[in-house]
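Working notes, structure below.
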Amino acid sequence: MLFIHVDECPANWEYVLEGIRKMSHSIDTSGDREDDDIHPPKERRFVVLASTILSSQTKEDITRGATRRLRQNGLLTADALNNADEETIRKLIYPVGFYIRKASNLKKMAHICLTKYGGDIPNTIEELLSLPGVGPKIAHLVMIIGWNNVQGICVDTHVHRICNRLGWVSRSGTTQRTSIPEETRKALQQWLPREEWVAINPLLVGFGRTICTALRPRCGECGVSKFCPSAFKETSSSSYFRSNKS
DNA sequence: TTCCAGACTA
DNA sequence: TAGTCCGGAA
């Protein structure tokens with residue numbers, strides 16, 4: 001049994017999480033998993049991986065629509081994507097951000113899944129990371145959703161930004177903010193109880209989209225601003241991260 | 001016009 | 001570590 005050293009927990013973190021939960025209770029961040037009951041596990045996992053590659057934390061409607069169009073055209077399987085014309089994939093997923101690159105990555109990823117994993121997806125972080133277009137954020141999310149296996153916290157731009165604003169993470173041995181999401185993930189995992197590792201992502205994503213936004217956060221509407229060292233300190237543009245780089 | 005999202009490259 | 005890829009929101 002591995003026990004995590006938790007003597008560095010930020011003050012009031014439980015109140016903050018509870019406060020964010022209360023603010024977010026009406027926000028649905030469950031995403032587009034409408035095929036859960038339709039596909040057998042292998043196919044379902046592939047859909048999870050493909051739709052996660054397509055996804056964007058800021059344009060959920062657009063990425064959901066793109067996933068739907070792929071499905072309607074029968075292109076949400078490893079075999080179909082592998083055989084599909086890349087131009088066709090582009091047209092179906094447009095206007096998802098980086099659609100040209102994602103179309104290429106989807107096709108390459110499908111080929112690897114087909115030839116190396118029998119149409120399934122890899123079941124380790126390391127192997128997922130070896131797929132084109134799969135970085136730490138997607139790998140951890142796919143492990144959780146696709147394999148029900150929590151290897152780490154899924155840290156996207158919202159989790160990264162909010163944890164730094166709250167002072168929940170810092171560079172090892174310093175009080176400086178973390179510079180990249182991977183650094184945030186490791187710092188957060190140092191103290192956040194494991195039972196919160198899955199819930200923290202959708203919770204902070206919803207909070208980050210609506211209240212603790214990247215640009216001009218709505219601190220006046222935030223129920224936990226009294227616990228936030230960054231509250232009301234970001235008045236213009238997104239100079240926060242740049243001005244804190246020193 | 002600036003900024004965002006996540007992975008990748010130079 | 002900065003720049004690149006994208007369309008769209010602010």
request  = Any salt bridge (Lys or Arg N to Asp or Glu O under 4.0 Å) involving residues 100-114 of chain A? Give me the pairs, sequence neighbours left out, ordered by first then second residue.
outcome  = none

ask   = Which parts of residues 84-92 of chain A get close to DNA chain C, meaning a heavy atom less than 4.0 angstrom away?
value = none

Output one line per pair: protein atom, nucleotide atom from nucleotides 8-10 of chain B, and distance, for all N/O pairs under 3.5 Å.
unit_1	atom_1	unit_2	atom_2	d
B:dC8	OP1	A:G133	N	2.6

request  = Give A:I53 one of three labels, base, sugar-phosphate or nothing, depending on what nucleic acid heavy atoms sit under 4.0 Å from its own.
outcome  = nothing

key: A:E183 CD - C:dT1 C1' separation (whole Å)   = 13 Å

task = Using whole Å, report how far CZ of A:F98 lies from C1' of B:dA5.
result = 6 Å

query = Given atom CE of A:M109 and atom C1' of B:dA7, what is their separation to the nearest angstrom?
reply = 14 Å

ask   = Atom NZ of A:K102 to atom C1' of B:dG6: distance rounded to whole Å?
value = 7 Å

message = Using the salt bridge (charged side-chain N to carboxylate O under 4.0 Å, His left out) criterion, which residues pair with A:R69? Sequence neighbours excluded.
response = none

remark   = Sorted by chain and number, sequence neighbours left out, ring-ring contact (aromatic ring centres under 6.0 Å, His included) with A:W147 holds for none

request  = Quick one: list whatever passes side-chain hydrogen bond (donor to acceptor under 3.5 Å, both in side chains) with A:N82, sequence neighbours left out.
outcome  = A:H111

query = Which whole-number value in Å describes the distance from A:L106 CG to B:dG6 P?
reply = 16 Å

request  = Only counting residues at least two apart or in another chain, list the ones meeting side-chain contact (heavy atoms from CB on, under 4.5 Å) with A:S170.
outcome  = none

request  = Using side-chain contact (heavy atoms from CB on, under 4.5 Å) as the criterion, list what pairs up with A:K186, not counting sequence neighbours.
outcome  = A:E182

query = Parallel, tilted or perpendicular: which describes the rings of A:Y15 and A:F227, with under 30° parallel and over 60° perpendicular?
reply = parallel

inquiry  = Run the side-chain contact (heavy atoms from CB on, under 4.5 Å) test against A:I125 and tell me which residues pass, sequence neighbours left out.
reply    = A:L129, A:A139, A:H140, A:M143, A:Q151

ask   = Below 4.0 angstrom from OP1 or OP2 of B:dA5, is there any side-chain N or O of A:R161?
value = yes

query = Using atom P of each nucleotide, how far apart are C:dC6 and B:dA10 to the nearest Å?
reply = 16 Å

Pairwise N/O distances under 3.5 Å, protein to nucleotides 7-10 of chain C:
unit_1	atom_1	unit_2	atom_2	d
C:dG7	N2	A:K59	NZ	3.1
C:dG7	N3	A:K59	NZ	2.9
C:dA10	O3'	A:R216	NH2	2.6

key: Minimum heavy-atom distance between A:I162 and A:C212, given as atom pair plus value   = CG1-SG, 3.8 Å

request  = Not counting sequence neighbours, which residues clear salt bridge (charged side-chain N to carboxylate O under 4.0 Å, His left out) with A:E18? List them please.
outcome  = A:R21

key: side-chain contact (heavy atoms from CB on, under 4.5 Å) involving A:E14 - partner list, sequence neighbours excluded   = none

